[in-house]
There are 2 protein chains.
Amino acid sequence: MPETTHLHPGALDIAPPHRELLAQVLDRWSLQVLEELCERPSRFSELRRAIPAVTGKSLTATLRRLERNGVVERTVVSSRPVAVEYRITALGKTLREPVDALLRWTTEHLPEVEAARARFEE
Amino acid sequence: MPETTHLHPGALDIAPPHRELLAQVLDRWSLQVLEELCERPSRFSELRRAIPAVTGKSLTATLRRLERNGVVERTVVSSRPVAVEYRITALGKTLREPVDALLRWTTEHLPEVEAARARFEE
DNA sequence: CGGCATCCTCTTTGATACTG
DNA sequence: CAGTATCAAAGAGGATGCCG
């Protein structure tokens with residue numbers, strides 16, 4: 001049974017499926033992958049080069065997850081040698097606005113956050 | 001030195017400190033804690049009751065992280081028995097808008113995502 | 001080239017017990 | 001009541017090697 005969500009007026013409604021979705025879309029590598037694919041379709045190896053810190057395994061996992069959620073699209077371009085292209089979908093593009101809003105928040109408030117951190121380490 | 005961020009026009013800029021900040025603010029329990037504290041100041045045990053799935057340890061960790069980043073404030077109200085109150089800060093309130101935007105996205109697009117998932121499981 | 005399988009490590013989390 | 005300490009369990013993530 002899903003946990004009851006006892007909502008008062010104005011509360012943030014964060015039902016489990018929403019949270020799960022956010023977790024899948026905002027995980028460790030997703031944002032960077034999305035960043036790349038928003039600019040241009042890319043091949044697997046191009047993504048690896050663009051995001052040097054990611055391993056093949058994690059990149060595969062990230063791309064699969066994004067593909068499963070309809071945010072990116074995977075196309076086999078040729079075989080021998082295999083070439084695969086990833087591109088962002090229409091749905092994926094709609095994700096960009098809210099993500100940008102969040103990134104703007106970090107940009108605008110990072111100084112305040114850092115001040116708070118300095119205060120905290122006393 | 002922070003890793004170079006190779007930016008093309010229109011790319012999402014997600015520098016490491018921003019990502020780190022997002023991770024701290026959007027982690028597993030933060031949203032629910034923020035949800036509660038946006039409504040009203042709460043004591044530790046009230047938060048536990050409001051979020052039954054969180055353990056004391058994790059709640060403490062979450063609150064400390066949010067406090068460190070200036071998003072919530074911790075006040076010792078009384079001793080014997082100890083009473084501690086947590087409340088959202090002005091900075092914390094500014095976080096709500098962009099988070100809401102993201103939650104709206106999940107609400108609006110969850111059907112599309114679920115359709116994509118159904119397509120994917122074939 | 002893209003990516004799966006295996007192994008292995010490191011971090012995260014939970015359960016439980018204890019304290020000011 | 002609001003934590004901390006400790007230990008055990010689980011999971012994410014990396015390294016490597018193989019295959020179509």
Novice: Let me know, please, whether B/Pro81 or A/Asp27 comes out on the 5' side of the other along DNA chain D by nearest nucleotide.
Specialist: B/Pro81

Novice: Could you give me the CA-CA distance, side-chain angles and deciding distance for B/Glu85 and B/Arg87, then say whether salt bridge (charged side-chain N to carboxylate O under 4.0 Å, His left out) is met?
Specialist: CA-CA 7 Å; B/Glu85 193 185 72; B/Arg87 61 172 66 229; 2.9 Å; yes

Novice: Rounded to the Å, how far apart are A/Glu46 CD and C/dG3 P?
Specialist: 13 Å

Novice: Under 4.0 angstrom, heavy atoms only, what part of the nucleic acid is A/Arg74 near: base, sugar-phosphate, or nothing?
Specialist: sugar-phosphate

Novice: Output a table of nitrogen or oxygen pairs between the protein and nucleotides 14-17 of chain D separated by less than 3.5 Å.
Specialist:
residue	atom	partner	partner atom	Å
D/dG14	OP2	A/Thr55	OG1	3.2
D/dG14	OP2	A/Ser58	OG	2.4
D/dG14	O6	A/Lys57	NZ	2.2

Novice: Between A/His18 and B/Leu103, what is the shortest heavy-atom contact and its length?
Specialist: ND1-O, 4.4 Å

Novice: Kindly give the heavy-atom pair with the smallest separation between A/Cys38 and A/Ile88, and that separation in Å.
Specialist: SG-CD1, 3.7 Å

Novice: Can you tell me the distance, in whole Å, between the CG atom of B/Leu59 and the C1' atom of C/dT12?
Specialist: 16 Å

Novice: Over how many whole Å does the gap from A/Leu63 atom CG to D/dG13 atom C1' extend?
Specialist: 16 Å

Novice: If two hydrophobic side chains count as joined below 4.5 Å and joins carry through other members, does A/Val33 share a cluster with B/Phe120?
Specialist: no

Novice: Rounded to whole angstrom units, what separation is found between the CG atom of A/Leu47 and the C1' atom of C/dG3?
Specialist: 14 Å

Novice: Can you tell me if B/Tyr86 touches the phosphate of D/dG3, counting only side-chain N or O atoms and a distance under 4.0 Å to OP1 or OP2?
Specialist: yes

Novice: Mind calculating the distance between CZ (A/Arg64) and C1' (D/dA12) to the nearest angstrom?
Specialist: 18 Å

Novice: Could you tell me the separation between the CZ atom of B/Arg48 and the C1' atom of C/dA15, rounded to a whole number of Å?
Specialist: 11 Å

Novice: Indicate the atoms forming the closest heavy-atom contact of B/Val82 with B/Arg43, along with that distance.
Specialist: O-NH2, 4.1 Å

Novice: Just report the end-to-end axis angle for the helix from C/dC1-D/dG20 to C/dG20-D/dC1, five pairs per end, to 10 degrees.
Specialist: 50°

Novice: Above 12 or not: heavy atoms from other molecules or residues under 6.0 Å from CD of A/Glu97?
Specialist: no

Novice: Any ion pair linking B/Arg68 and A/Glu121 (charged N to carboxylate O, less than 4.0 Å)?
Specialist: yes

Novice: For the backbone of A/Gly56 and the side chain of A/Thr60, can you confirm whether one donor and one acceptor N or O come within less than 3.5 Å of each other?
Specialist: yes

Novice: Output yes when at least one side-chain N/O atom of A/Arg80 is less than 4.0 Å from OP1 or OP2 of D/dG20, else no.
Specialist: no

Novice: Could you pull out the closest heavy-atom pair between A/Val25 and A/Ser30, with the gap in Å?
Specialist: O-CB, 3.0 Å

Novice: If you look at every strand shown and take non-hydrogen atoms under 4.0 Å, does A/Val84 touch a base, only sugar-phosphate, or nothing?
Specialist: sugar-phosphate

Novice: Within this structure, what is the CZ-to-C1' distance between B/Arg43 and D/dA2, rounded to whole angstrom?
Specialist: 9 Å

